[in-house]
Peer 1: 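One structure, pasted below without further comment.
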Amino acid sequence: MLILVTGGTGYIGSHTCVELLNNNHDVIIVDNLVNSQAGVVERIATITGKKPLFYQADATDDSVMDLIFSTHKPDGVIHFAGLKAVGESVEIPLMYYRNNLLSTMVLLDNCLKHGVSHFVFSSSATVYGDNQVPFLETMELRPRTNPYGETKAMCERILTDVAQVNPELSVTLLRYFNPVGAHKSGLIGEAPQGIPNNLMPYITQVAKGSLQELKVFGNDYPTPDGTGVRDYIHVVDLAEGHVAAVEQAAPGVHVYNLGTGKGTSVLELITAFEEANNLKIPYRITERRAGDIAECYADVSKAREELGWTAKRGVFEMCRDAWRFEQIYAAEV
Ligand code: NAD
Ligand code: WQD
């Protein structure tokens with residue numbers, strides 16, 4: 001299949017391009033580089049031996065997207081492009097609503113116009129809010145904690161409504177849990193700008209010595225060691241989940257959790273990182289971070305049963321690969 005991958009030079013998108021190419025699909029990347037670099041295209045080519053087509057373009061630009069669709073006639077779209085910083089979405093909500101909703105609507109419109117029937121959307125476990133764990137696809141959504149989460153729930157709604165009146169359309173909503181790690185080559189991975197918001201990239205910055213210590217946001221949650229529990233998933237497993245989703249797409253709306261089904265606490269992740277990489281991560285317990293929930297992990301049975309996909313890589317591998325990427329990437333930039 002020929003897959004149009006928006007956000008394909010970003011963290012999850014780049015790993016998915018690698019897995020698509022490794023599985024003999026062709027790839028066209030559209031990315032405006034607001035949070036990634038064009039050099040990633042070359043790195044994807046180094047890993048796979050195949051260079052994807054790349055357009056530096058904005059997915060909210062209808063005329064450019066129209067041109068790309070009519071030129072290449074893709075079989076499907078995987079829509080990763082989006083803004084994702086939760087805190088920033090509270091500060092500048094309009095930018096988040098505009099970018100994340102408009103890009104989805106423009107792409108969907110072009111799918112209908114050009115007869116593209118497969119649409120895979122990057123959703124997030126954040127849509128479950130404070131439901132009871134493990135999160136199940138059938139649960140009522142409660143994304144009300146921040147505008148970022150709202151954009152994901154709204155896009156899911158838009159895609160679902162449009163699919164209902166276009167029965168030939170296949171919409172797959174993939175709810176990612178906490179993607180971490182990197183490709184084993186160390187050539188692609190997560191490289192956030194500035195001080196990282198998320199735990200794993202913060203840990204790698206502390207390991208590198210760029211940040212002095214990790215602040216552990218609260219140890220008084222109702223969890224086994226009091227720190228927050230999350231379902232960390234290796235980004236390559238996540239990428240493989242996308243290949244399974246694209247290959248099995250059928251008309252209608254399909255929702256899948258992509259996680260491991262296992263919860264890991266902040267302290268457990270620190271220990272795993274230290275053991276996997278044989279180094280020490282200085283940390284200090286601080287106040288809880290506003291908006292955090294105690295526990296977030298997936299029920300993964302639906303993806304296993306319907307897509308035949310399960311995550312294979314464990315926390316040790318996630319920590320090892322995240323650190324390898326940091327060392328290789330940091331040596332080059
Ligand atoms: P990322 O920032 O690394 O990648 C997103 C890419 O989209 C970037 O390369 C950016 O330049 C591009 N982009 C943004 N707006 C665009 C636009 N209008 N037109 C073209 N390109 C645009 O983020 P990621 O971690 O790879 O996340 C990919 C998707 O998965 C996002 O939609 C995100 O919300 C979602 N998601 C991410 C996580 C996570 O923890 N990383 C969890 C759940 C869901
Ligand atoms: C993980 C755990 C923190 C940083 C976010 C988004 C979510 C999704 C994935 C996009 C929590 C603790 C963190 C630190 C810490 N993204 N922590 N010190 O918040 O689960 O999810 O990324 O869809 O929408 O909200 O991930 O990595 O920020 O936090 O103690 O410096 O680590 O409190 O328990 P989160 P995270």
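We're numbering straight along the sequence, starting at 1. Both counts, for ligands and for their atoms, begin at 1 and track the order of listing. As the structure is a computational prediction, the values presented were derived from the model and not from experiment.
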Peer 1: Tell me which one of V30, L108, V106, T6 satisfies side-chain contact (heavy atoms from CB on, under 4.5 Å) with H79.
Peer 2: T6
Peer 1: Ligand 1 versus L33, non-hydrogen atoms closer than 4.0 Å: side chain, backbone, both, neither?
Peer 2: backbone
Peer 1: I need the nearest protein heavy-atom contact for atom 28 (C) of ligand 1: residue, atom name and distance, please.
Peer 2: F80 O, 3.5 Å
Peer 1: Which of the listed options, Q37, M200, K84, holds the heavy atom that is closest to atom 41 (N) of ligand 1?
Peer 2: K84
Peer 1: Counting heavy atoms only, which of N197, N178, L199 is nearest atom 32 (O) of ligand 2?
Peer 2: L199
Peer 1: Tell me whether ligand 1 is touched by S123 - counting only heavy atoms on the residue side and a distance under 4.0 Å.
Peer 2: yes
Peer 1: Looking only at distances, please establish whether an N/O atom of ligand 2 is found under 3.5 Å from an N/O atom of K215.
Peer 2: yes
Peer 1: Checking the N or O distance criterion of under 3.5 Å, is ligand 1 in contact with G7?
Peer 2: no
Peer 1: Quick one: do the D61 and N32 side chains pair a donor with an acceptor below 3.5 Å?
Peer 2: no
Peer 1: For atom 29 (O) of ligand 2, which of E213, R230, R289 has the closest heavy atom?
Peer 2: R289
Peer 1: Measuring from non-hydrogen atoms of P179 to any atom of ligand 1, is the shortest distance under 4.0 Å?
Peer 2: yes
Peer 1: Compare every heavy atom of N100 with every heavy atom of L83, then report the nearest pair and how far apart it is.
Peer 2: N-OD1, 2.9 Å
